[in-house]
Amino acid sequence: MYTLGIDSSTQSVKALVWDAAAGKVAASVSVNFGKELPEFKCKDGFLPNDDALVKEADPRLWLAALDKVLLKLKDAFDTSKIDAIGGDGQQHGSVYLNSAWPSALSSLSAAQSPSCLVDAFAGVFARERAPIWMDSSTTAECRDLDARFGKSLQERTGSPAIERFTGPQIMKFARRNPELWAKTEKVHLVSSFLCSVLAGADAPIDTGDGAGMNLLNLAEMKWDAEICDFTAPGLLAKLPAVALPGGKTSLALAPYFAKYGLRAGIPVVPFTGDNPASLVGTGADKPGIAVVSLGTSDTFFAAMPQFKTDPNGYGHVFGNPSGGCMSLACFKNGSLAREKVRSLVGCDYKFFDETSFEKVPMDDRRAFPYFESEITPIHPATGIEANFDWNAADDAVKVVSVIRGQIGNMFERTRWIGKFDTIRVTGGASRSKGIRDTIAAVFGAKVETLDVPDSAAVGGAILAARALA
């Protein structure tokens with residue numbers, strides 16, 4: 001059995017074929033938005049804007065990329081062997097569609113299918129630009145949500161009001177463009193938008209991705225009517241249904257996609273967000289295993305048997321595509337901060353990753369590199385802060401104290417989730433023995449290194465395979 005996982009991330013889209021019997025990748029192709037689709041002017045995944053806080057993309061880009069990546073896949077693999085499709089999209093991005101949307105979807109099943117997806121969906125966008133997860137222009141809307149709901153917003157939706165989240169983005173659009181909001185018939189996430197296109201019918205929003213909106217009541221796994229009513233007029237009627245985890249799908253691939261060798265009618269599983277998909281792709285979607293992703297930002301995520309929130313308000317809770325919930329905490333000062341420290345010390349990678357840890361005994365000296373304003377916990381960009389004389393310390397102490405500071409902060413901010421026997425580490429910095437050993441010591445857990453470069457796409461493909469079981 002082969003299944004297809006499609007991952008639409010910030011700068012690219014990947015299509016990965018999963019051999020379910022062998023448990024491995026059979027084929028993988030990708031399309032880089034900036035390099036291969038320059039006509040949409042989204043070099044880094046978003047359109048230029050004079051306001052640095054505004055980050056929006058042309059939603060037609062995602063349609064063109066879907067056509068292009070499936071064409072590549074057809075050349076790389078016998079796509080007629082694919083039995084089901086799953087996938088994910090970058091979280092929090094939203095697409096606003098008008099009354100032409102249903103007929104455009106129907107055209108994908110018509111005898112005379114359109115020549116390409118961009119043509120098929122010309123004129124369906126009530127909003128020509130789609131805000132993505134990087135947009136942080138909704139401070140005023142977040143304040144209004146906090147003023148109205150206070151701590152109950154987090155207690156109901158799993159997160160406090162977050163500028164990047166979709167609810168505040170919808171509120172901003174409805175307030176500033178009431179005429180266009182009135183013409184909006186449907187609001188999809190990037191994930192459910194692409195899933196709808198594949199199925200030629202409105203797809204539901206998965207709880208993993210829907211929880212990144214400040215709109216989904218995670219205790220009840222349905223849209224929170226009170227929050228929706230406050231966010232924008234008539235919003236509840238404009239949202240797709242909520243997809244319950246683990247349910248069988250009634251979505252089927254539209255005939256349009258037979259042009260890529262795919263069999264029309266094969267199951268299409270509701271897409272989720274990239275983080276929930278990675279939870280599945282790394283094999284951590286059952287309680288007891290946590291994943292630490294050491295990237296530009298460091299991320300800690302894990303499955304949760306039941307819904308509960310961070311009492312300190314920093315961590316987030318999303319739905320788990322495999323059932324229940326998942327936790328997630330993000331730390332902005334991750335690998336870029338470590339690189340800055342390495343540059344300041346003037347050492348090579350071997351010294352930074354191994355030698356320094358051999359020289360410095362375990363003690364309580366810690367430093368934190370606040371090169372970016374931190375979000376977990378909230379802290380301004382003030383540079384290095386240490387509980388010892390940083391300037392008098394030798395290079396090894398500087399390196400080790402920073403790693404201890406980062407991992408110690410991660411441990412403190414994720415204790416509310418629970419204790420873990422195993423932590424799976426991924427990302428470029430996972431190559432560092434010193435960092436792995438520090439994680440093991442601080443968390444008191446066995447550390448496993450993961451080499452799963454496309455964990456989100458793998459997760460989507462695995463979810464598709466489970467739907468066939």
Problem - Minimum side-chain heavy-atom gap L117-F257 below 4.5 Å - result: yes
Practice task
Flag the pair R156 and E226 as a salt bridge only when some basic side-chain nitrogen lies within less than 4.0 angstrom of an acidic carboxylate oxygen.
Solution key: yes
Handout entry: Y2/F77 aromatic ring centres below 6.0 Å
Key = yes
Exercise for the section: Using a 4.5 Å cut-off on heavy atoms from C-beta on, say whether the side chain of F121 contacts that of P114. Expected result: no
Problem - Reported OG1-to-NZ distance for the pair T309 and K151, which is rounded to 0.5 angstrom - result: 5.5 Å
Exercise for the section: Determine, step by step, whether N275 and Q91 satisfy the side chain to side chain contact (heavy atoms under 4.5 Å, CB included) criterion, reporting the C-alpha distance in whole Å, the side-chain angles of both residues, the deciding distance to 0.1 Å, and the verdict. Expected result: CA-CA 8 Å; N275 287 305; Q91 290 196 254; 3.1 Å; yes
Practice task
Would you kindly say whether S293 and T299 are connected by a side-chain donor-acceptor distance under 3.5 Å?
Solution key: no
Exercise for the section: Answer yes or no: is there a donor N or O on one side and an acceptor on the other, between the side chain of S9 and the main chain of S12, under 3.5 Å? Expected result: yes
Problem - Under 3.5 Å side-chain donor-acceptor pair for Q406 and N333 - result: no
Problem - Check: L63 main-chain N/O paired with K68 side-chain donor or acceptor under 3.5 Å - result: no
Exercise for the section: State whether F46 and K55 meet the cation-pi test: NZ (Lys) or CZ (Arg) under 6.0 Å from the six-membered ring centroid, and within 45° of the perpendicular axis. Expected result: yes
Fill in the blank from the handout: When every non-hydrogen atom of P204 is compared with those of P240, the smallest separation belongs to CA-CB, 4.3 Å
Handout entry: Charged N-O contact under 4.0 Å between R415 and D310
Key = no
Practice task
Could you tell me which non-hydrogen atom of T376 sits nearest to which non-hydrogen atom of N409, and how far apart they are?
Solution key: O-ND2, 3.0 Å
Exercise for the section: Could you check if a side-chain atom of D224 sits within less than 4.5 angstrom of a side-chain atom of L215, using non-hydrogen atoms only? Expected result: no
Exercise for the section: Take atom NZ of K183 as the centre, draw a 6.0 Å sphere, and report whether it contains more than 12 heavy atoms from other residues, nucleotides or ligands. Expected result: no
Handout entry: K72 bridged to D67 by N-O distance under 4.0 Å
Key = no
Practice task
Hey, could you give me the CG/CG distance between D209 and D274, rounded to the nearest 0.5 Å?
Solution key: 7.5 Å
Practice task
Could you tell me if the ring centre of F173 sits under 6.0 Å from that of Y96?
Solution key: yes
Practice task
For side chain to side chain contact (heavy atoms under 4.5 Å, CB included), just list the numbers for V17 and L73, CA-CA rounded to whole Å, side-chain angles, deciding distance to a tenth of an Å, and then say yes or no.
Solution key: CA-CA 9 Å; V17 179; L73 186 66; 3.8 Å; yes
Exercise for the section: Could you tell me whether the side chain of R127 and the main chain of T184 form a donor-acceptor pair under 3.5 Å? Expected result: no
Problem - Other residues, nucleotides, ligands: >12 heavy atoms within 6.0 Å of K308 NZ - result: yes
Problem - Euclidean distance, M171 CE relative to C142 SG, rounded to 0.5 Å - result: 8.5 Å
Practice task
Examine the side chains of E163 and T139 and answer whether a donor and an acceptor come within less than 3.5 Å of each other.
Solution key: yes
Practice task
Could you tell me whether Q306 atom CD has more than 12 heavy atoms of other residues or ligands within 6.0 Å of it?
Solution key: no
Handout entry: Side-chain donor/acceptor of R436 to backbone N/O of S430, under 3.5 Å
Key = yes
Fill in the blank from the handout: Here the gap from I407 atom CD1 to F300 atom CZ, rounded to the nearest 0.5 Å, amounts to 10.5 Å
Exercise for the section: To the nearest 0.5 Å, tell me how far W18 CH2 sits from S28 OG. Expected result: 11.5 Å
Exercise for the section: May I ask you to say whether D19 pairs ionically with K24, meaning some side-chain N is under 4.0 Å from a carboxylate O? Expected result: no
Handout entry: Neighbour count >12 (heavy atoms, 6.0 Å) for atom CD, E372
Key = no
Exercise for the section: Give every residue pair that meets the ring-ring contact (aromatic ring centres under 6.0 Å, His included) criterion with at least one member in residues 192-216, sequence neighbours excluded. Expected result: W101-F193
Practice task
Show your working on side chain to side chain contact (heavy atoms under 4.5 Å, CB included) between D206 and S191 and close with a plain yes or no.
Solution key: CA-CA 9 Å; D206 166 80; S191 60; over 6 Å; no
Completion exercise
When rounded to the nearest 0.5 Å, the distance separating OG of S373 from NZ of K332 is 3.5 Å
Problem - side chain to side chain contact (heavy atoms under 4.5 Å, CB included) between M213 and L239, worked out - result: CA-CA 11 Å; M213 300 175 75; L239 291 172; 4.1 Å; yes
Exercise for the section: Say whether, by atom type as modelled, one donor and one acceptor occur between the side chain of K222 and the main chain of L216 under 3.5 angstrom. Expected result: no
Problem - Carboxylate-amine/guanidinium proximity below 4.0 Å for K446 and E448 - result: yes
Handout entry: Distance-only donor-acceptor check, side chains R263 and T79, under 3.5 Å
Key = no
Practice task
State whether D144 and R175 are salt-bridged, where the test is any N-O pair (Lys NZ or Arg NE/NH1/NH2 against Asp/Glu carboxylate O) under 4.0 Å.
Solution key: yes
Handout entry: Ring centers of F165, H316 separated by less than 6.0 Å
Key = yes
Problem - R143 atom CZ, over 12 foreign heavy atoms within 6.0 Å - result: no
Exercise for the section: Report yes or no: do N32 and Q11 form a side-chain donor-acceptor pair below 3.5 Å? Expected result: no
Practice task
May I ask you to decide if A203's main-chain N or O and S196's side chain share a donor-acceptor pair within less than 3.5 Å?
Solution key: yes
